[in-house]
Amino acid sequence: MAQISVIGKNGGRSIDLDLPEVNPHVLHEVVTWQLAGRRRGTASTKTRAQVSKTGKKMYSQKGTGNARHGDRGVPTFVGGGVAFGPKPRSYAYTLPRKVRQLGLAMALADRQNTGKLTAVDGFDLDGKTKGFVAWAAQNGLDGSERVLIVTDDETTRRAARNVAWATVLPVAGLNVYDILRHERLVIDAVALEPAQEEVLSEGVAQ
């Protein structure tokens, strides 16, 4: 059972959260699933039937000393079609919901184990970038680390969105990949409350 201290205007308490042991294989599976779903899959090539080439036979079948050819659009010629080339497709696949939930819990556990998880109840900001930078400095965020800010407070998100070392997400957008690619996680305390675990699990988005 992990105890997470809560800071902020309404802080001064701790949250008891049952976090699993971190398994790199599970995290890898979830991140791979996320990135596969984000792939555009728009690569496309033309087959020999689609290239703009004449269908006339290039030269006589016999007597020229050359190989027998009948179509200039075949893959063996420059400008011809592509054999077995890529076509638009979706790279997305299904990952069990329990695995996605477990991956998110493990990502939170990893940040908690390294002391890089900060729960906040009440940022109390005015929406100005200068105010957020001052708040961050008071709480040990000096810009030397990439920070993921996860909050449903629109004022806080507006204040932090122009800071180069910070990425801002709503609670519903929390995901394993963004947690792992940032050194520190700052999240709304209410999202970590035991009663909110099911809601948080639904936020495992691509």
Side-chain angles (χ1 to χ4, degrees), residues 22-108 110-111 129 143-152 154 157-185 187 198-206:
V22 179
N23 184 334
H25 175 70
V26 174
L27 294 176
H28 177 269
E29 287 293 323
V30 177
V31 170
T32 301
W33 165 76
Q34 278 190 245
L35 297 183
R38 293 181 182 185
R39 293 184 66 176
R40 296 178 63 188
T42 55
S44 182
T45 54
K46 291 183 178 181
T47 66
R48 60 183 294 180
Q50 295 171 317
V51 295
S52 180
K53 295 290 182 181
T54 178
K56 181 182 178 182
K57 189 171 176 63
M58 299 171 61
Y59 43 73
S60 298
Q61 177 80 351
K62 295 179 178 293
T64 66
N66 295 311
R68 297 169 292 182
H69 289 296
D71 186 355
R72 194 172 287 277
V74 296
T76 52
F77 288 116
V78 174
V82 177
F84 309 113
K87 286 292 184 183
R89 53 163 290 194
S90 172
Y91 288 90
Y93 59 92
T94 302
L95 194 67
R97 181 168 174 265
K98 288 186 177 181
V99 177
R100 303 199 305 267
Q101 292 177 341
L102 182 61
L104 180 58
M106 286 183 177
L108 293 173
D110 182 69
R111 289 297 171 263
T129 301
S144 61
E145 298 176 310
R146 290 175 298 173
V147 181
L148 178 63
I149 311 293
V150 181
T151 178
D152 284 335
E154 178 61 32
R157 294 208 302 264
R158 187 168 67 249
R161 65 187 178 185
N162 287 329
V163 179
W165 44 265
T167 301
V168 183
L169 288 177
V171 172
L174 183 64
N175 63 86
V176 176
Y177 176 65
D178 282 324
I179 292 175
L180 296 182
R181 73 188 186 94
H182 293 81
E183 285 82 9
R184 183 176 290 273
L185 171 63
I187 187 171
E198 189 69 20
V199 176
L200 186 61
S201 298
E202 293 296 334
V204 187
Q206 292 183 3

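Heads up: numbering here begins at 1 and tracks the sequence.
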>> Please find the pair of heavy atoms, one from Val150 and one from Val171, that lie closest to each other, and give the distance.
In response: CG1-CA, 3.6 Å
> Could you give all pairs that pass the side-chain hydrogen bond (donor to acceptor under 3.5 Å, both in side chains) test and reach residues 157-166, with sequence neighbours left out?
Replying inline: Glu154-Arg157
>> With salt bridge (charged side-chain N to carboxylate O under 4.0 Å, His left out) as the rule and sequence neighbours excluded, what pairs involving residues 66-94 come up?
In response: Arg48-Asp71
> Are the side chain of Ser44 and the backbone of Pro88 linked by a donor-acceptor contact shorter than 3.5 Å?
Replying inline: no
>> Minimum heavy-atom separation for Val78 and Lys53, please, with both atom names.
In response: O-NZ, 4.3 Å
> Who are the side-chain contact (heavy atoms from CB on, under 4.5 Å) partners of Leu27, not counting sequence neighbours?
Replying inline: Val22, Met106, Ala107, Val176, Leu180
> Any donor-acceptor pair under 3.5 Å linking the side chain of Ser60 with the backbone of Lys62?
Replying inline: no
> Shortest non-hydrogen contact from Trp33 to Tyr93?
Replying inline: NE1-O, 2.9 Å
> To the nearest 0.5 Å, how far apart are CZ in Arg184 and CD1 in Ile179?
Replying inline: 14.0 Å
> Atom CZ of Arg38 and atom CD of Gln34: how far apart are they, to the nearest 0.5 Å?
Replying inline: 5.5 Å
> If you draw a 6.0 Å radius around NZ in Lys46, do more than 12 non-hydrogen atoms from other residues or ligands fall strictly inside?
Replying inline: no
>> Just verifying a value: how many Å separate Ile187 CD1 and Leu108 CG, rounded to the nearest 0.5 Å?
In response: 6.0 Å
> Excluding sequence neighbours, so at least two apart, what forms ring pair (Phe, Tyr, Trp, His ring centres under 6.0 Å) with His69?
Replying inline: Phe77
>> Using 0.5 Å steps for rounding, measure from the CD atom of Gln101 to the CG atom of Leu104.
In response: 8.5 Å
> Can you name the salt bridge (Lys or Arg N to Asp or Glu O under 4.0 Å) partners of Glu183, sequence neighbours left out?
Replying inline: Arg146
> CG of Leu169 to OG1 of Thr151: how many Å apart, nearest 0.5 Å?
Replying inline: 11.0 Å
> In chain order, what residues pass the salt bridge (Lys or Arg N to Asp or Glu O under 4.0 Å) check against Arg181, with sequence neighbours excluded?
Replying inline: Asp178
